[in-house]
2 protein chains.
Amino acid sequence: MAGKKQIESAVSAQDPLKQKGLSVTDSRRKILQLFMQQKGALSHGDIEKKAGATFDRVTIYRTLQTFLDKGIIHAIPSANNAILYALCHEQCGPDHHDHQHIHFICSRCKHTFCLDHSVTPDLHLPKGYQAQDIDVLVKGVCKRCNTTSK
Amino acid sequence: MAGKKQIESAVSAQDPLKQKGLSVTDSRRKILQLFMQQKGALSHGDIEKKAGATFDRVTIYRTLQTFLDKGIIHAIPSANNAILYALCHEQCGPDHHDHQHIHFICSRCKHTFCLDHSVTPDLHLPKGYQAQDIDVLVKGVCKRCNTTSK
DNA sequence: TATCAAAAAGCAACAAGGTTGCAAAAATGA
DNA sequence: TCATTTTTGCAACCTTGTTGCTTTTTGATA
Ligand SMILES: [Mn+2]
Ligand SMILES: [Mn+2]
Ligand SMILES: [Zn+2]
Ligand SMILES: [Zn+2]
């Protein structure tokens, strides 16, 4: 009995959904899987295309919101009116997003990447301004595009 | 004659619209004025509200695009799907936006400000990544909100 | 395994944001 | 003033995101 319980909780712990206290559904599993297969970030539209007609648009919106709330994914700002999302590799939770990495937007392949091992630099702000959170967006040419086409 | 020409070109030089080679129209004048009166950044929606029913929605979209193209305003990325725009104080032109300042989003008053006298820091990127352009977004409490309510 | 309450998905209808083609109006330069 | 070019307004359309409600699925329990 104690042995069985241990196995169950081990399985639970592996599943990010159960880990975050979410019930496991087809759409959540599928969307999570898309993020895990992906090197870069995904927009709602990307997911809609990749998931095909499997799920309703509304379900995708609600799933993304749930994932954001639970600290499974984080949003990446952009200047082209398409919010991007990517997996949280840091330990995030409800109301507890804490990302210190840089986001890189490739102007060639148009993909957006989390540079997980980068660190957002210290900033010097004018007097009176108090920083809570910093987002650094870098546009340029990504590693793959640089090496692929010389 | 020569005197008159000098005065004309002096007047022209003052008007940012003529300076950038744009014909002067009511909507362009009005929208430019809104930006100049404003401390913070404006979204398309903000302009629509402030300009009232004076102009068609489409005219506002087109005017913003024109101003972007000519280097009169610049776009500020955001994570809430509402692109913001603010005047360029640097010398920008067609295909020539070069901003080195930080954007500050106040979580209290919800306004976004250009910290024109700030400087974007040097970044250390992983090997292979080549930076062309850097956007720094800082969320926090702005000067005014900090001093107003202690 | 069957049952049940709670949670999530699907559906429809809607609202907001943004784009396009075209005709009317305004701006520029002669 | 006139002719040409540019810009505006309008209508129609598309995409993106939201909301309320019903049906289906989930996870827990007996
Ligand atoms: Mn990231
Ligand atoms: Mn700015
Ligand atoms: Zn690339
Ligand atoms: Zn403020």
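Here is the naming used below: chain letters follow the sequence lines, and residue numbers restart at 1 for every chain. The basis for the numbers below is simple: all heavy atoms, side chains too, and nothing from hydrogens, waters or symmetry mates.
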Peer 1: Rounded to the nearest angstrom, tell me the gap between atom CG in Asp15(A) and atom P in dT26(D).
Peer 2: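 From Asp15(A) CG to dT26(D) P: 13 Å.
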Peer 1: Round to a whole Å and report the spacing from NZ of Lys49(A) to P of dT16(D).
Peer 2: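 It works out to 7 Å between those atoms.
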Peer 1: Using whole Å, report how far CD1 of Ile31(B) lies from C1' of dT8(D).
Peer 2: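 One finds 11 Å between C1' of dT8(D) and CD1 of Ile31(B), rounded.
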Peer 1: Should Glu48(A) and Ser43(A) count as side-chain neighbours, where that means a heavy-atom distance under 4.5 Å?
Peer 2: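 In short, these two side chains do not touch, never coming nearer than 4.5 Å.
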Peer 1: What residues form a side-chain contact (heavy atoms from CB on, under 4.5 Å) with Ser78(A), not counting sequence neighbours?
Peer 2: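 Partners of Ser78(A) by the side-chain contact (heavy atoms from CB on, under 4.5 Å) criterion, ordered by chain and then number, come out as Asn80(A).
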Peer 1: The side chain of Thr63(B) lies closest to which of these nucleotides: dA9(C), dT26(D), dT8(D)?
Peer 2: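 Of all the options, the side chain of Thr63(B) is nearest to dT8(D).
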Peer 1: Could you tell me the separation between the CG atom of Asn80(B) and the C1' atom of dT16(D), rounded to a whole number of Å?
Peer 2: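 Going from CG in Asn80(B) over to C1' in dT16(D) covers 14 Å.
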Peer 1: Quick one: do the Asp56(B) and Thr59(B) side chains pair a donor with an acceptor below 3.5 Å?
Peer 2: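 Judged by distance alone, the side chains do not pair up.
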Peer 1: Check the distance between dT25(D)'s P and Arg29(A)'s CZ and give it to me in whole angstrom.
Peer 2: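 Interatomic distance, CZ of Arg29(A) to P of dT25(D): 15 Å.
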Peer 1: Nearest whole angstrom, please: distance from the P of dA8(C) to the CZ of Phe67(A).
Peer 2: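 That distance rounds to 11 Å.
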Peer 1: May I ask you to say what Thr66(A) touches in the nucleic acid, namely base, sugar-phosphate or nothing, with a heavy-atom cut-off under 4.0 Å?
Peer 2: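 No contact.
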Peer 1: For Gln37(B), does the CD atom sit with more than 12 other heavy atoms under 6.0 Å from it, leaving out its own atoms?
Peer 2: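 Yes, enclosed.
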Peer 1: Look for any protein N or O under 3.5 Å of an N or O in nucleotides 1-4 of chain D and output each such pair with its distance, or none.
Peer 2:
none

Peer 1: What is the distance, to the nearest angstrom, from the CG atom on Asp26(A) to the P atom on dA9(C)?
Peer 2: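 Answer to the nearest Å: 9 Å.
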Peer 1: Taking NZ, NE, NH1 and NH2 as the nitrogens, is one of them in Arg29(B) or Asp15(B) under 4.0 Å from a carboxylate oxygen of the other?
Peer 2: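 Between Asp15(B) and Arg29(B) there is a salt bridge, with a charged N closer than 4.0 Å to a carboxylate O.
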Peer 1: Report whether Phe104(A) and Phe35(A) are members of the same hydrophobic cluster (ILVMFWY, side-chain heavy atoms less than 4.5 Å apart, transitive linking).
Peer 2: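 Shared cluster, no.
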Peer 1: Return a table of donor-acceptor pairs under 3.5 angstrom between the side chains of residues 125-132 of chain B and protein atoms on other chains or two or more places apart.
Peer 2:
{"residue": "Gln130(B)", "atom": "OE1", "partner": "Asn146(A)", "partner atom": "ND2", "Å": "3.4"}
{"residue": "Gln132(B)", "atom": "OE1", "partner": "Ser107(A)", "partner atom": "OG", "Å": "3.2"}

Peer 1: Using atom CD of Gln65(A) as one end and atom P of dA8(C) as the other, report the distance to the nearest whole Å.
Peer 2: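 The distance from CD of Gln65(A) to P of dA8(C) comes to 13 Å, rounded to the nearest Å.
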Peer 1: Do His74(A) and His103(A) have side-chain atoms, one donor and one acceptor, less than 3.5 Å apart?
Peer 2: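 His103(A) and His74(A) do have a side-chain donor-acceptor pair below 3.5 Å.
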Peer 1: What about Leu17(A) and Leu34(A), same hydrophobic cluster or not, with Ile/Leu/Val/Met/Phe/Trp/Tyr joined at side-chain heavy-atom distances under 4.5 Å?
Peer 2: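 Hydrophobic grouping puts Leu17(A) with Leu34(A).
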Peer 1: Distances under 3.5 Å only, N/O to N/O: pair up the protein atoms with those of nucleotides 27-30 of chain D.
Peer 2:
{"residue": "dG27(D)", "atom": "OP1", "partner": "Val24(A)", "partner atom": "N", "Å": "2.7"}

Peer 1: Counting C-beta onward and ignoring hydrogens, is there a side-chain heavy-atom pair between Phe113(A) and Lys143(A) closer than 4.5 Å?
Peer 2: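 Side chain of Phe113(A) against side chain of Lys143(A), heavy atoms only: no contact under 4.5 Å found.
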Peer 1: Against Ile31(B), only a single residue in Thr63(B), Ile73(B), Leu42(B) fulfils side-chain contact (heavy atoms from CB on, under 4.5 Å); can you say which?
Peer 2: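 Considering Thr63(B), Ile73(B), Leu42(B), a side-chain contact (heavy atoms from CB on, under 4.5 Å) with Ile31(B) is found only for Thr63(B).
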Peer 1: Please verify the inter-ring angle class for His99(B) with His101(B); under 30° counts as parallel, over 60° as perpendicular, anything in between as tilted.
Peer 2: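 The arrangement is perpendicular - the two ring planes meet at more than 60°.
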Peer 1: Hydrogens and angles aside, do Thr66(B) and Asp69(B) bring a side-chain donor and acceptor to less than 3.5 Å of each other?
Peer 2: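 No, Asp69(B) and Thr66(B) have no side-chain donor paired with an acceptor closer than 3.5 Å.
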Peer 1: Could you tell me whether Lys20(A) atom NZ has more than 12 heavy atoms of other residues or ligands within 6.0 Å of it?
Peer 2: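 Yes, enclosed.
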Peer 1: With axes from five pairs an end, tell me the bend angle of the helix from dT1(C)-dA30(D) to dA30(C)-dT1(D), nearest 10°.
Peer 2: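 Axis-to-axis angle, ends of the helix: 30°.
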Peer 1: Shorter than 3.5 Å, N or O on both sides, protein versus nucleotides 12-20 of chain C: list them out with atom names.
Peer 2:
{"residue": "dG18(C)", "atom": "OP1", "partner": "Asn81(A)", "partner atom": "ND2", "Å": "2.3"}
{"residue": "dG18(C)", "atom": "OP2", "partner": "Tyr61(B)", "partner atom": "OH", "Å": "3.2"}
{"residue": "dG18(C)", "atom": "N7", "partner": "Arg57(B)", "partner atom": "NH1", "Å": "3.2"}
{"residue": "dG18(C)", "atom": "N7", "partner": "Arg57(B)", "partner atom": "NH2", "Å": "2.7"}
{"residue": "dG18(C)", "atom": "O6", "partner": "Arg57(B)", "partner atom": "NH2", "Å": "3.1"}

